[in-house]
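All remarks here apply to the structure that follows.
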Amino acid sequence: MDPVTTALLPSPHRAASQFSQLIVPTCTFETAPSLDLLIVPGGQGTRDPKISKAVSFVTRVYPSLQQLIAVCTGVGIAAQAGVLDGKRATTNKLSWDSTVALRPEVDWVYQSRWICDGNIWTSSGISAGIDVTLAWIESSYGETTATAIANRMEYVRATDPSQDPFATLYKKETS
């Protein structure tokens, strides 16, 4: 229950930053309330060796969820939990190889901004996480509500999940 830092782990791929905040938990994985929807975020923390507690949590609670949304490299947590086995999923293109290697039982789809397969929604990068969330809102509450939220955010929403310009951009770099 101690505060958890959002400070980034050291990396040779970015400039040093002291920007972070502390988040004070209100429950643990063991004492979490029952959920209808679980959003699994991505980010550098998904590469932390201690992520196994989060993976176990997803494995344990998934059967009782109505919906799961995994964003960016958070898709790797859902994959390791086994909940994506046999399902179509996508993830961040810059972390593609390391994430898909976590679970070959997943039907990984490179050219996709987001995917909904059953009650699981996955997205590629960070802004695609906004798009998948708005797509989920549209599915749950209607197009008018999703559009109103996007407009209030002043966000230009990608509504076609197959329109993924980053798949082409990064495919060129990795081939």
Side-chain angles (χ1 to χ4, degrees), residues 6 8-9 11 13-14 17 35-48 51 54-55 57-59 61-62 65-175:
T6 63
L8 296 173
L9 300 172
S11 171
H13 305 292
R14 71 169 174 280
S17 171
L35 304 168
D36 295 329
L37 169 69
L38 176 64
I39 300 175
V40 182
Q44 191 173 8
T46 62
R47 297 166 185 83
D48 190 307
I51 201 66
V55 172
F57 176 74
V58 172
T59 302
V61 302
Y62 174 72
L65 296 175
Q66 291 178 22
Q67 302 277 319
L68 182 134
I69 300 173
V71 176
C72 194
T73 55
V75 175
I77 293 172
Q80 290 176 79
V83 303
L84 299 179
D85 289 359
K87 294 190 178 287
R88 296 173 66 244
T90 193
T91 190
N92 184 289
K93 304 310 181 280
L94 288 177
S95 299
W96 183 264
D97 292 338
S98 61
T99 303
V100 302
L102 295 171
R103 196 78 173 182
E105 295 86 351
V106 178
D107 180 8
W108 294 106
V109 179
Y110 190 82
Q111 175 76 39
S112 189
R113 192 144 172 84
W114 79 86
I115 291 175
C116 176
D117 190 336
N119 69 337
I120 297 179
W121 301 72
T122 59
S123 77
S124 53
I126 299 162
S127 63
I130 298 170
D131 291 327
V132 75
T133 302
L134 289 167
W136 175 83
I137 290 168
E138 180 175 327
S139 172
S140 300
Y141 301 101
E143 191 274 334
T144 301
T145 301
T147 299
I149 291 169
N151 289 344
R152 187 174 183 115
M153 294 167 53
E154 296 187 14
Y155 181 77
V156 178
R157 181 177 170 213
T159 57
D160 181 349
S162 69
Q163 297 301 309
D164 184 3
F166 301 99
T168 303
L169 176 69
Y170 293 121
K171 188 74 164 178
K172 290 179 185 176
E173 290 182 6
T174 59
S175 56

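Every value quoted in this text rests on a predicted model; they were computed, and no experiment measured them.
Shown here for I77 and P41, the closest heavy-atom pair between the two residues is CD1-O, 4.5 Å. Looking at every heavy atom in both residues, L134 comes nearest to A146 through O-CB, 3.6 Å. Annotation for I130 and M153: closest pair CG2-CE, 3.7 Å, computed over non-hydrogen atoms. When all heavy atoms of I51 and G45 are compared, the pair lying nearest together is CD1-O, 3.6 Å. Heavy-atom minimum distance, D164 versus S124: OD2-OG, 4.3 Å. For the residue pair W114 and P161, the shortest heavy atom distance occurs at O-CB, 3.2 Å.
Take R88 and apply the salt bridge (Lys or Arg N to Asp or Glu O under 4.0 Å) test, not counting sequence neighbours, and it matches no residue. With sequence neighbours excluded, no residue forms a salt bridge (Lys or Arg N to Asp or Glu O under 4.0 Å) with D117. E143 is linked by a salt bridge (Lys or Arg N to Asp or Glu O under 4.0 Å) to nothing, counting only residues two or more places apart in sequence or in another chain.
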- request: Using the side chain to side chain contact (heavy atoms under 4.5 Å, CB included) rule, take T73 and R47 through it: C-alpha gap first, then chi angles, then the decisive distance, then the call.
  value: CA-CA 9 Å; T73 55; R47 297 166 185 83; 3.7 Å; yes
task: Check the pair T133 / I137 against side chain to side chain contact (heavy atoms under 4.5 Å, CB included), numbers first and verdict last.
output: CA-CA 6 Å; T133 302; I137 290 168; 4.1 Å; yes
- request: Go through the steps to decide whether V58 and L68 satisfy the test side chain to side chain contact (heavy atoms under 4.5 Å, CB included), and finish with yes or no.
  value: CA-CA 9 Å; V58 172; L68 182 134; 4.0 Å; yes
task: Please assess I120 against L84 for the test side chain to side chain contact (heavy atoms under 4.5 Å, CB included), listing each intermediate value before the final yes or no.
output: CA-CA 8 Å; I120 297 179; L84 299 179; 3.5 Å; yes
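Neither side chain, S112 nor T90, offers a donor N or O lying under 3.5 Å from an acceptor on the other.
Here the side chains of I69 and V40 are not in contact, with every heavy-atom distance at 4.5 Å or above.
Atom SG of C72 and atom CD1 of I126 lie 5.0 Å apart (nearest 0.5 Å). Note that CD of Q66 and CG of L38 are 12.5 Å apart. Values are rounded to the nearest 0.5 Å. Atom OH in Y110 sits 11.0 Å away from atom OG1 in T91 (nearest 0.5 Å). Between the CG atom in N119 and the OG atom in S139 there is a gap of 11.0 Å [rounded to 0.5 Å]. Here the CZ-CG distance, from F57 to L35, works out to 5.5 Å after rounding to the nearest 0.5 Å.
Side-chain N or O atoms of Q111 include one that pairs as donor or acceptor with a backbone N or O of S162 at under 3.5 Å. No donor-acceptor pair closer than 3.5 Å links the side chain of T46 to the backbone N or O of G42. A distance-only check finds no donor-acceptor pair linking the side chain of K87 to the backbone of V106 [under 3.5 Å]. Using a distance-only test at 3.5 Å, with no hydrogens or angles considered, a donor-acceptor pair links the side chain of T59 to the main chain of A81.
Counting non-hydrogen atoms of other residues, nucleotides and ligands closer than 6.0 Å to CG of L37 gives a total above 12. Counted within 6.0 Å of OH on Y155, heavy atoms from surrounding residues, nucleotides or ligands total more than 12; the atom is thus considered enclosed.
Between W96 and Y170, the gap from one ring centroid to the other reaches at least 6.0 Å.
Under 4.0 Å is where a charged nitrogen must lie from a carboxylate oxygen, and between R103 and D85 at least one such pair does. Remark: D160 does not engage R113 in a salt bridge, criterion side-chain N to carboxylate O under 4.0 Å. Of the charged side-chain nitrogens involved, at least one lies within less than 4.0 Å of a carboxylate oxygen, so that E138 and R157 count as a salt-bridged pair.
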